[in-house]
Amino acid sequence: MNATPATTKTDAETEPKTDAETEATSATGGETVEAAPEAARATDVSDTQDPEKAALEDGLDDEGDAHEPDDEPAPRPAFGAGAAAVVASALGAVSLSGTWMGKTLSERATLVGQIKTSQNGTAAQQIQEIYGNSWHTTALVNGVFALLALVVGAFVLARPAFGTPGRAEQPVWVKAVALAGAVLGVIGLLISAGMYLDLFAALPSTKG
């Protein structure tokens with residue numbers, strides 16, 4: 001009876017294999033490939049530890065973000081439009097209340113009328129030259145200021161229609177003040193025209 005020779009395994013053969021070695025063995029048909037885990041680790045390190053590549057990608061991203069178009073329209077500066085609107089409103093108010101220039105020219109017209117009628121002027125001529133001319137001069141000056149208020153206010157309101165397309169609209173307060181100036185200008189023009197044409201009150205008459 002022959003005795004079966006005992007097979008003795010070395011320490012290397014009895015040591016349990018790692019997962020990487022087991023996968024490598026099955027992939028190569030039973031032969032252990034020890035270089036596969038090292039190659040895999042080298043590939044991972046080269047992909048994750050390349051500072052020049054990462055810096056280049058970051059730089060491209062930043063450059064791309066810098067050249068992206070801005071979807072929001074640039075706000076239109078309201079400084080000039082607001083100032084013009086305030087000027088239009090002030091001109092409209094002045095045309096209703098009177099100005100220093102109108103008062104001065106009215107007094108001058110009165111003085112000129114007195115000089116003309118001081119020698120041989122009749123009562124009707126004195127009324128026309130002294131009172132009528134002064135009244136009409138005041139109405140004329142107020143009408144000029146009213147017309148300026150209307151023109152400036154209308155210009156501010158119509159300016160966005162002729163501006164650069166895509167810009168933001170004017171603030172609400174600018175439109176409101178410009179509209180107020182234009183309305184005051186219209187009212188001032190009507191009052192000045194009535195004063196100049198003697199519609200509100202006729203000149204005094206010497207006839208009974």
Does G92 offer a backbone N or O that forms a donor-acceptor pair with the side chain of S95 under 3.5 Å? yes
Could you give the distance from CG (L111) to OG (S106), rounded to the nearest 0.5 Å? 11.5 Å
Side chains of V112 and N133: does their closest heavy-atom pair fall under 4.5 Å? no
Going only through I, L, V, M, F, W and Y residues with side-chain contacts under 4.5 Å, is there a path from V86 to V174? yes
I need the minimum non-hydrogen distance between L157 and P160, along with the two atoms involved. O-CD, 3.5 Å
Would you say S134's side chain and A109's backbone share a donor-acceptor pair under 3.5 angstrom? no
Say whether L190 and M195 are linked into one hydrophobic cluster, either directly or through other cluster members, by side-chain heavy-atom distances under 4.5 angstrom. no
Rounded distance (nearest 0.5 Å) linking atom NZ of K116 with atom CD of Q126: 13.5 Å
Step by step, work out the side-chain contact (heavy atoms from CB on, under 4.5 Å) result for Q170 and V156. CA-CA 9 Å; Q170 293 178 348; V156 174; 4.1 Å; yes
Going only through I, L, V, M, F, W and Y residues with side-chain contacts under 4.5 Å, is there a path from L105 to L91? yes
N120 and Q125: which non-hydrogen atoms are nearest, and at how many Å? O-OE1, 4.2 Å
Polar side-chain atom of S192 near backbone of G143 as donor-acceptor pair, under 3.5 Å: yes
Looking at every heavy atom in both A149 and A88, which two are closest together, and how far apart are they? CB-O, 3.4 Å
Are E129 and I115 packed together at the side-chain level, in the sense that at least one heavy-atom pair is separated by less than 4.5 angstrom? no
Rounded to the nearest 0.5 Å, the CE atom of M101 sits from the OG1 atom of T137 at a distance of 13.0 Å
Could you check whether any side-chain N or O of T104 sits under 3.5 Å from a backbone N or O of W100, counting only pairs where one atom can act as donor and the other as acceptor? yes
From NE2 (H136) to CG (L197), nearest 0.5 Å: 8.0 Å
Do L96 and Y196 land in one hydrophobic cluster if side-chain heavy atoms of ILVMFWY residues count as linked below 4.5 Å? no
Please say yes or no: joined through hydrophobic side-chain contacts below 4.5 Å, possibly via intermediate residues, are F200 and L189 part of one cluster? no
Compare all side-chain heavy atoms of N142 with those of I191 and state whether any distance is below 4.5 angstrom. no
